[in-house]
Amino acid sequence: ATRIANFRTGVVQPSWHAWESVPGTSLVGRPDCFTSANNQIDCFANTPGFKVSWNRWTSSGWRGWTDIGGVISSSPSCLTRGTRLHCFAIGVDNRLQQNVNDGTAWSGWISRSTATLSTQRPACIGFGTTGIRCFAVTASSTLSQYTYNGSAWTTSMDLGGNLQGRPFCVNRSGGID
């Protein structure tokens, strides 16, 4: 079991701060952390039993781990779109699952794929103001793309390949790498 530690720099104090442990539960797998608002960090990680927990850091410190519900098979890939937090993971049914927080509550895990996927963590990124793209490895080791265009999920696209690990992608001004 592991715990997250962070090493950060700040606007108020523009120098590196020392490593600090994030208190709380034991974690398994790799956490996914990102800046969701000014002076705020959201972290998501698996806990024993493959549940997903969420912790938020603000200038007043870490608020504590919260179970967002359900059981999944992969580590989560999470992002923010507007005021909503979106988490994606491979479910126990080997399908891409999504759990959304609207600022008040989590939606619960909703299936976004019909293809059988590997249990590698998906790679999900935002594009435009409301779009989301998720990339996941299929059971036959090809790469599939799932796209939310801002109003609906479109048909998945098999991008081919022969992947041996989990996908990773970044947004850039000219597209996605």
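All values below come from the heavy atoms of this structure, side chains included, with hydrogens, waters and symmetry mates left out.
Judged purely by atom type and a 3.5 angstrom limit, Asn99 uses its side chain to pair as donor or acceptor with the backbone of Gly108. Under the 3.5 Å distance criterion, the side-chain polar atoms of Ser77 are matched with a main-chain donor or acceptor of Cys124. Checked by atom type and distance alone, the side chain of Trp109 pairs as donor or acceptor with a backbone atom of Gly69 at under 3.5 Å. With hydrogens and angles disregarded, no donor-acceptor distance shorter than 3.5 Å links the side chain of Ser73 to the backbone of Thr119. The backbone N or O of Arg84 sits nowhere less than 3.5 Å from a side-chain atom of Asn101 that would complete a donor-acceptor pair. At least one donor-acceptor pair closer than 3.5 Å links the side chain of Arg81 to the backbone N or O of Phe127.
By the 4.5 Å heavy-atom criterion applied to side chains, Leu85 and Trp54 are counted as neighbours. The shortest distance between side-chain heavy atoms of Asp32 and Arg121 falls below 4.5 Å. Between Thr142 and Leu159, every side-chain heavy-atom pair lies at or beyond the 4.5 Å cut-off. Taking 4.5 Å as the limit, some side-chain heavy atom of Pro122 sits within range of a side-chain heavy atom of Ser74. Under the 4.5 Å side-chain criterion, counting only non-hydrogen atoms from C-beta, Arg95 is not in contact with Ile90. The closest side-chain heavy-atom distance from Leu96 to Leu117 is below 4.5 Å. Within the 4.5 Å cutoff, the side chain of Tyr146 has no heavy atoms near those of the Arg112 side chain.
Between Asp42 and Arg56, at least one side-chain N (NZ, or NE/NH1/NH2) sits under 4.0 Å from a carboxylate O, which counts as a salt bridge.
Separating the CD atom in Gln98 from the OH atom in Tyr148 is a distance of 8.5 Å, to the nearest 0.5 Å. Here the OG-CG distance, from Ser53 to Asp67, works out to 5.0 Å after rounding to the nearest 0.5 Å. Residue Cys134 holds its SG atom at 9.0 Å from CD1 of Ile125, rounded to the nearest 0.5 Å. Rounded to the nearest 0.5 angstrom, Asn94 CG and Ser113 OG are separated by 9.0 Å. Rounding to the nearest 0.5 Å places OG1 of Thr154 at 7.5 Å from CD of Gln145.
Within a 6.0 Å sphere centred on CZ of Arg63, other residues, nucleotides and ligands contribute more than 12 heavy atoms.
Two different hydrophobic clusters hold Trp153 and Phe135 under the rule that ILVMFWY side chains link at heavy-atom gaps under 4.5 Å. Hydrophobic cluster membership differs between Val92 and Ile110, with clusters built from Ile, Leu, Val, Met, Phe, Trp and Tyr side chains linked at under 4.5 angstrom.
Using the six-membered ring where Trp is involved, Phe34 and Phe44 have ring planes that are parallel, under 30° apart on the 30 and 60° scheme.
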For Cys33 and Trp57: C-alpha separation, side-chain torsions, deciding distance, then whether side chain to side chain contact (heavy atoms under 4.5 Å, CB included) applies. CA-CA 10 Å; Cys33 301; Trp57 182 89; over 6 Å; no
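With 3.5 Å as the limit, one finds a donor-acceptor pair spanning the side chains of Ser151 and Asn149. Counted by atom type alone, Ser75 and Asn46 present one or more donor-acceptor pairs between their side chains at under 3.5 Å.
Thr80 approaches Thr35 most closely through the heavy-atom pair CG2-O, 4.5 Å.
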